[in-house]
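Positions are given from 1 along the sequence.
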Amino acid sequence: MILQRGLKKKSKIPVTLLKNIPRVGTAGTVIRVSRGHMRNELYPKRLAVYASIKEASVDRSTAAQKDATLLVKKHKEARRDVHLLAVNNQATIDQISDLEPLVFERKVVVSGESGSESGAQAIYGSLSKADVIKELAEKHSIHIDRDALNMDDKIKSVGEYRCVVKLIYAGQASFVAKVIPAKEE
């Protein structure tokens, strides 16, 4: 092999990691890195030490076993987390399906000022998803995400509105949000 002047053969050397490094490896594994990366980055920061060729060949099999057991453990934890999420979501869906209508009192705009349709009473402000989610959390201890609630973006008139909650692994449930005129004093 003929090398040109100034060019060196790029070879990688085995090193043993002392700490977990994202996108590189976990502590105790033997990996192959370039000499410059080891000399300038890993060794000065005490992230890795030089490994002999014998250690590299022996540690590769143990590292593969460690990685396999770690992967199995993570898979079991993920399955358990999904199961817990499904159970919790199903309980939330059951609570929502048993809800009485949520009642919101809002001040009504005087009919002469309103440019809305005849028969519909417009309200000051609006009723948003955030208002409904806050009411569910405060009065009924039901905590849901904004994306799980499906309703009109903003309710701007008096009436009854159907709201649907869709949760992963549990399905959906609906309830009624009722906007009534506030009692005038």
Could you go step by step and tell me if L17 and T26 meet the side chain to side chain contact (heavy atoms under 4.5 Å, CB included) rule? CA-CA 7 Å; L17 295 177; T26 58; over 6 Å; no
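- No donor-acceptor pair closer than 3.5 Å links the side chain of N89 to the backbone N or O of A170.
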Show your reasoning for whether side chain to side chain contact (heavy atoms under 4.5 Å, CB included) applies to Q95 and H140. CA-CA 9 Å; Q95 276 184 308; H140 302 286; over 6 Å; no
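- To the nearest 0.5 Å, atoms SG (C163) and CG (N150) are separated by 8.5 Å.
- From R162, atom CZ reaches atom CZ of F175 across 10.0 Å, with rounding to the nearest 0.5 Å.
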Residues M151, V132; criterion side chain to side chain contact (heavy atoms under 4.5 Å, CB included); working and verdict: CA-CA 10 Å; M151 62 178 261; V132 174; 3.8 Å; yes
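- One finds no salt bridge joining D81 and K76 here, because no Lys/Arg side-chain nitrogen approaches an Asp/Glu carboxylate oxygen to under 4.0 Å.
- The 12-atom threshold is not exceeded at CD of E100, counting heavy atoms of other residues, nucleotides or ligands nearer than 6.0 Å.
- Here the closest non-hydrogen pair linking I93 and V165 is CD1-O, 3.8 Å.
- The heavy-atom pair separating N20 from A27 by the smallest distance is OD1-N, 2.6 Å.
- For Y43, the OH atom is loosely surrounded, since the number of other residues' heavy atoms within 6.0 Å does not exceed 12.
- Across all their heavy atoms, V158 and Y161 have their closest contact at O-OH, 3.9 Å.
- Between the CZ atom in R39 and the CD1 atom in I13 there is a gap of 8.5 Å [rounded to 0.5 Å].
- Using a 4.5 Å heavy-atom cutoff, the side chains of I123 and K107 are not in contact.
- Of the possible polar contacts, none joining the T29 side chain to the G25 backbone as a donor-acceptor pair under 3.5 Å is found.
- Proximity of R32 to P14: side-chain heavy atoms (C-beta onward) are separated by under 4.5 Å at one or more points.
- Counting heavy atoms from C-beta on, the side chains of V15 and V30 never come closer than 4.5 Å.
- In this structure, CG on L136 lies 7.5 Å from CG on L149, to the nearest 0.5 angstrom.
- Taking CG of D131 as the reference point, atom OG of S126 lies at 7.0 Å (rounded to 0.5 Å).
- Proximity of V176 to L102: side-chain heavy atoms (C-beta onward) are nowhere separated by under 4.5 Å.
- L47 places a side-chain heavy atom less than 4.5 Å from the side chain of K19.
- Atoms CZ and NZ, on R146 and K129 in that order, are 5.5 Å from each other to the nearest 0.5 Å.
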Between Y50 and M38, does the side chain to side chain contact (heavy atoms under 4.5 Å, CB included) criterion hold? Intermediate values first, please. CA-CA 8 Å; Y50 292 94; M38 177 62 179; 3.6 Å; yes
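- Side-chain atoms of N40 come within 3.5 Å of backbone N or O of G36 as a donor-acceptor pair.
- For the pair I96/D94, no side-chain contact is recorded, criterion being any heavy-atom separation below 4.5 Å from C-beta on.
- V108 and P181 make their closest contact through CG2-CB, 3.4 Å (heavy atoms, listed as atom of the first residue, atom of the second, distance).
- The shortest side-chain heavy-atom distance between D145 and I133 does not fall under the 4.5 Å cut-off.
- By the 4.5 Å heavy-atom criterion applied to side chains, Q90 and N88 are not counted as neighbours.
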